[in-house]
Protein chains: 2
Amino acid sequence: MSDAHRSSDRGQRRAKAAAPPAAVDIGDLGAYIGFHLRIAQDASFRAFARNTGQQGIKPGRFAALMVIGRNPGIGQGALGQTIGRDKSTITPLIQDLQRLGLIERRPSTDDRRRVHLYLTDAGKTHLSRLKRYARAHDRKLDEIVGAEKAGFLELLRKIANALD
Amino acid sequence: MSDAHRSSDRGQRRAKAAAPPAAVDIGDLGAYIGFHLRIAQDASFRAFARNTGQQGIKPGRFAALMVIGRNPGIGQGALGQTIGRDKSTITPLIQDLQRLGLIERRPSTDDRRRVHLYLTDAGKTHLSRLKRYARAHDRKLDEIVGAEKAGFLELLRKIANALD
DNA sequence: TATTGTTATACTCTATAACTATA
DNA sequence: TATAGTTATAGAGTATAACAATA
């Protein structure tokens, strides 16, 4: 608590799930995997969002860009399934990316209900920039996790799969 | 895809981050700790929310009840710091819990700005019910994680701490 | 009838800033 | 001046349901 440039009502610095004030007892919570999963993800997400936010893109868009980049021509439905979101969630997301000029939508010629999604050149450029940030971010995580990375990822994957 | 009781527009069953359709390539995403952290947490949270939702309480409330139960008389600020949320986020949360009759707010006598939070009897009952669900949920996670639990938790804790 | 994507709508969670009342 | 909590407001993220167009 020694930071000068701080306006009156911001004494708490930043909400921080990881380090409760010492006096507070969190009880059983500390033994729950689910609880730690949540606060670790929260911290990781916020750290990443700080970077991508400066890039003018919302962190949730990253996965979408990534998938479109890897699967040129993918449809919105498949994209949604891949990143685990409903198609009605995909629509505004796609519109957003299109407005930013990062993707292109081409109507399918053989099935006129469908659209195919592609990265524009700007989208590709932007994606590689985002990937640099993602890699930097994940390098931090790698440092923390160290040699156990493979096992750690495996557990996370198992959790995601087992819990539907 | 063989489930009979399903209305026309719900063919996707449930948005599911864990298992992309086989044909879709997620690229580097699969190597990012942050990505797996997100989908594992997502799955865990949704599974838990399915249970607590049936109990008529929002999953985000659980941690708050837990902390209040363990720290009778705690103030809203400390509660917020403990669960990693801003005080302005705590206010409506507390009002909600109070409306449900689960907590009681007593104004502090020595500092009239402060309030002290306590579980009511109903709150205690409700909390133990929630804890049963949380334990059941975490038992599933325990099964998945198995013997590596200690190391796994340690890594999650380190992530949360290192990332501010 | 089923599927692709859109729209209308609504809910949860969250924060920032400005505020009141205390201290 | 600083702190505890409130309010006003906003925005991200998400989903369900009903819909139009097409298959």
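Since we're looking at a predicted model, the values are computed, not measured. Sequence lines set the chain letters: A, B, ... in the order given, protein chains first and strands last, and positions in each chain run from 1.
Under the 6.0 Å cut-off for aromatic ring centres, B:Y133 and B:F62 do not qualify, their centroids lying 6.0 Å or more apart. Aromatic pair B:F152/A:F152: centroids less than 6.0 angstrom apart.
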Give DNA chain C the dot-bracket treatment, 5' to 3': Watson-Crick (N1-N3 with N6-O4 or O6-N4) or G-U (N1-O2, O6-N3) under 3.5 Å, [ ] crossing, | other strand.
-> |||||||||||||||||||||||
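For the pair A:R38 CZ and C:dT12 C1', the interatomic distance rounds to 13 Å; values are reported in whole Å. Residue A:K87 contributes atom NZ, which lies 13 Å from atom P of C:dT7 at whole-angstrom precision. Counting to the nearest Å, the P atom of C:dG5 and the CG atom of A:D86 are 12 Å from each other. We find that CZ of A:F48 is positioned 12 Å from P of D:dG13, with the value rounded to whole Å. Spacing between atom CZ of B:F45 and atom C1' of D:dG13 amounts to 12 Å, rounded to whole angstrom units. The CD1-P distance, from B:I90 to D:dT6, rounds to 10 Å in whole Å. If you take CZ of B:R85 and P of C:dT12, they are 16 Å apart, rounded to a whole angstrom. At whole-Å resolution of the value, CZ in A:R106 and P in C:dG5 are 15 Å apart.
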Could you check B:R70 against A:L29 for side chain to side chain contact (heavy atoms under 4.5 Å, CB included), going step by step and ending with a plain yes or no?
-> CA-CA 10 Å; B:R70 275 286 180 155; A:L29 233 37; over 6 Å; no
Can you check side chain to side chain contact (heavy atoms under 4.5 Å, CB included) on B:K149 and B:D142, steps first, answer last?
-> CA-CA 7 Å; B:K149 177 169 181 178; B:D142 280 352; 3.0 Å; yes
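Between B:Q95 and D:dT7 there is a side-chain polar atom (N or O) within less than 4.0 angstrom of OP1 or OP2. Under 4.0 angstrom from either OP1 or OP2 of D:dT6 there lies at least one side-chain N or O belonging to B:R105. For D:dA12, the OP1/OP2 oxygens have a side-chain nitrogen or oxygen of A:K58 closer than 4.0 Å. For B:T89, no side-chain nitrogen or oxygen approaches OP1 or OP2 of C:dT14 to under 4.0 Å.
A heavy atom closer than 4.0 Å to some atom of DNA chain C occurs in B:D110, B:D111, B:R112, B:R113, these being the qualifying members of residues 107-118 of chain B.
The existence of a salt bridge linking A:E154 and A:R157 is confirmed by a sub-4.0 Å separation between a basic side-chain nitrogen and an acidic carboxylate oxygen. We find that A:K131 and A:D138 are not joined by a salt bridge, their nearest charged nitrogen and carboxylate oxygen being 4.0 Å or further apart. Of the charged side-chain nitrogens involved, at least one lies within less than 4.0 Å of a carboxylate oxygen, so that B:R99 and B:D96 count as a salt-bridged pair. Of the charged side-chain nitrogens involved, at least one lies within less than 4.0 Å of a carboxylate oxygen, so that A:D42 and A:R46 count as a salt-bridged pair.
One can find a donor-acceptor pair under 3.5 Å joining the base of C:dT16 and the side-chain atoms of B:S88.
Of the candidate nucleotides C:dT7, D:dT14, C:dT14, D:dT14 has the atom nearest to the side chain of B:R46. Among C:dT6, D:dT6, C:dT16, the nucleotide with an atom closest to any side-chain atom of A:Q76 is C:dT6.
Side-chain contact, A:R114 with A:Q76: no donor N or O sits under 3.5 Å from an acceptor N or O.
By the 4.5 Å heavy-atom criterion applied to side chains, A:I57 and A:L97 are counted as neighbours.
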